[in-house]
Amino acid sequence: MAAVTPSSPPVASSDAAASTQEEISAEIDQLSREYAASGRVEERVRLDYPPYRSSVLRHPTKDPHHADPEGIELWAPVFGQRDVDPLEADLTIQHRGEPIGERLVVTGRVLDGEGRPVRHQLVEVWQANAGGRYIHKRDQHPAPIDPSFTGVGRCLTDADGWYRFTTIKPGPYPWKNHRNAWRPAHIHFSVFGREFTQRLVTQMYFPGDPLFALDPIYQAITDQAARDRLVATYDHGVTTHEWSTGYRWDIVLTGSHRTPFEEESA
Amino acid sequence: MSLAPTPGQTVGPFFGFALPYAGGDRLVPPGQPGAIRLHGRVLDGAGDPVPDALVEIWQADPDGRVVQQPGSLLRDDWTFTGWGRTETDRTGRYSFTTVEPGATTPGAAPYVAVTVFARGLLDRLLTRAYLPAPEAVLASDALLASVAPDRRHTLITTRDEHGLVFDIRLQGPDETVFLDHAPD
């Protein structure tokens with residue numbers, strides 16, 4: 001484990017679990033009221049969100065510097081069939097046995113800000129098991145490890161930008177942000193666009209999670225419409241007879257800087 | 001048509017079993033002619049190392065060409081793909097084996113594009129790691145020319161015996177200049 005250097009007051013260790021849920025919720029409510037009163041629309045997650053304690057020392061305090069992308073930034077790395085085995089899109093077949101939990105399919109499209117599909121590009125996912133436990137060695141939550149579930153998947157989008165994963169529904173899990181802190185169930189997504197600047201790492205949530213209001217990571221997106229863009233939709237058309245439930249979730253990256261003409265001639 | 005973007009969320013603490021992979025930090029084999037080390041630390045606002053960060057780089061080849069080749073996830077050690085990924089260690093250090101990128105347009109200041117993720121960092125950060133270059137070259141770069149003079153050094157690597165050093169400071173007096181590429 002890393003040597004933890006005690007932070008100087010008033011910043012408590014992010015793992016101290018010093019605050020109660022009531023204190024965290026009061027901070028969330030205050031920031032929510034201030035946002036509502038501001039009249040602004042924030043599309044992105046805030047980097048500075050004190051209820052998420054470990055963000056306190058890890059957010060830039062200066063505004064990002066505007067730069068017109070140029071050269072390498074106008075392009076993204078290329079991943080191909082050599083990089084990704086199609087079987088990596090099924091997280092339920094990586095071991096001898098079937099993983100415990102609600103089998104589900106999550107599928108959707110990766111689009112750029114102009115609504116164009118992001119074709120043949122890498123999508124990576126990782127998640128906890130049905131009991132809310134990650135394989136990761138730093139996860140000490142005393143929920144059972146599922147020997148039939150690692151919780152890592154990859155795929156390439158198809159020619160229309162579609163991705164599709166088969167997995168099981170992850171469980172919520174406790175963390176040490178504050179006393180009795182629990183994360184809503186989520187699947188981590190890592191997505192590339194056609195340009196370096198479109199890189200996105202985010203989390204997909206499930207509809208109606210009772211932990212949304214209590215979670216400072218989800219609440220760090222202050223705008224409800226923006227938050228809703230991280231919540232998948234139950235889709236009975238994706239659900240399969242006697243096999244799995246189905247969810248639909250589209251991912252929209254930031255706008256492109258390269259023109260369609262450059263894209264076609266590339 | 002303009003669609004509202006999907007917001008980012010932190011990479012969290014538990015990406016280590018999922019995102020790093022064997023060879024992610026090795027854009028070229030160590031010892032290959034021209035191979036250099038690009039390395040540094042990720043530091044928080046107290047100056048403490050960030051041991052749970054993920055760093056990705058994306059760069060042109062030595063001739064300044066943007067490579068569009070697959071093979072970054074399963075390297076064959078012969079194809080230069082220009083992209084790499086690694087995590088910081090317990091002391092907040094990261095290290096890549098790569099080559100120095102050339103200028104993508106003649107006379108431009110070459111740089112490596114860098115993405116940073118970490119537990120506690122709610123969205124990814126983008127920046128540039130410029131190669132050390134004569135002042136005339138650096139001064140002609142549009143981004144470097146637009147950055148406050150007292151912060152410019154945070155974007156420029158320094159040389160050591162193996163290659164290039166680039167520390168990433170998420171917060172604090174020497175906070176790295178991070179970039180916003182949204183249209184004005």
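No experiment lies behind these values; they were computed from the predicted model shown. By convention in this document, chain letters (A, B, ...) are assigned in the order of the sequence lines, proteins followed by strands, and residues within each chain are numbered from 1.
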Trainee: What about the rings of A/Phe189 and A/Trp126, do their centers lie closer together than 6.0 Å?
Mentor: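 No; A/Trp126 has its ring centre 6.0 Å or more from that of A/Phe189.
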
Trainee: Relative to chain A, which segment of B/Asp76 carries a heavy atom at a distance below 4.5 Å: side chain, backbone, both, or neither?
Mentor: both

Trainee: Checking B/Val50 against chain A: side chain, backbone, both or neither under 4.5 Å from a heavy atom?
Mentor: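 Both backbone and side chain.
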
Trainee: Is it the backbone or the side chain of A/Glu124 that comes under 4.5 Å from a heavy atom of chain B, or both, or neither?
Mentor: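 The answer is the side chain of A/Glu124.
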
Trainee: Please classify the contact between B/Leu179 and chain A as side chain, backbone, both or neither, with a heavy-atom cut-off of under 4.5 Å.
Mentor: both

Trainee: When you look at A/Lys176 and A/Ser54, which way does the side chain to side chain contact (heavy atoms under 4.5 Å, CB included) test go after all the steps?
Mentor: CA-CA 10 Å; A/Lys176 293 176 180 172; A/Ser54 53; over 6 Å; no

Trainee: What part of B/Val42 is in contact with chain A, defined as an atom under 4.5 angstrom from a non-hydrogen atom: side chain, backbone, both or neither?
Mentor: neither

Trainee: Output the option from A/Glu43, A/Gln127, A/Arg199, A/Gln203 having the highest count of non-hydrogen pairs under 4.5 Å with chain B.
Mentor: A/Arg199

Trainee: Heavy-atom pairs under 4.5 Å with chain B: which of A/Arg183, A/Lys62, A/His188 has the most?
Mentor: A/Lys62

Trainee: Would you check if the side chain of B/Arg159 reaches a backbone N or O of B/Leu131 as a donor-acceptor pair within less than 3.5 Å?
Mentor: no

Trainee: Could you check which of A/His186, A/Arg154, A/Glu42 has the highest count of heavy-atom pairs closer than 4.5 Å to chain B?
Mentor: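 Counting heavy-atom pairs under 4.5 Å, the top option is A/Arg154.
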
Trainee: Just wondering, more than 12 heavy atoms not from A/Arg44 lying within 6.0 Å of its CZ?
Mentor: no

Trainee: I'd like to verify something: which residue of A/Arg227, A/Arg46, A/Arg229, A/Gln81 has the highest number of heavy-atom pairs under 4.5 Å with chain B?
Mentor: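 Winner by heavy-atom pair count: A/Arg229.
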
Trainee: With a 4.5 angstrom heavy-atom cut-off, which part of B/Ser72 approaches chain A: side chain, backbone, both or neither?
Mentor: both

Trainee: Which region of A/Tyr52, side chain (C-beta onward) or backbone (N, CA, C, O), has a non-hydrogen atom less than 4.5 Å from a non-hydrogen atom of chain B, or is it both or neither?
Mentor: side chain

Trainee: Would you be so kind as to tabulate the donor-acceptor pairs closer than 3.5 Å made by side chains of residues 8-20 of chain B, with sequence neighbours excluded?
Mentor:
unit_1	atom_1	unit_2	atom_2	d
B/Gln9	OE1	A/Tyr205	OH	2.5
B/Gln9	NE2	A/Ile217	O	3.1
B/Thr10	OG1	B/Gly12	N	3.0
B/Thr10	OG1	B/Ala118	O	3.0
B/Thr10	OG1	B/Leu121	O	3.1

Trainee: Can you tell which of A/Ala67, A/Gly71, A/Gly255 has the highest number of heavy-atom pairs within less than 4.5 Å of chain B?
Mentor: A/Ala67

Trainee: Side chain, backbone, both or neither: which part of A/His59 has a heavy atom under 4.5 Å from chain B?
Mentor: both

Trainee: Determine whether the aromatic ring centres of residues B/Trp83 and A/Phe196 are separated by less than 6.0 angstrom.
Mentor: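 Aromatic pair excluded; centres sit 6.0 Å or further apart.
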
Trainee: Pick one of side chain, backbone, both or neither for B/Leu125, based on which atoms fall under 4.5 Å of a heavy atom in chain A.
Mentor: side chain

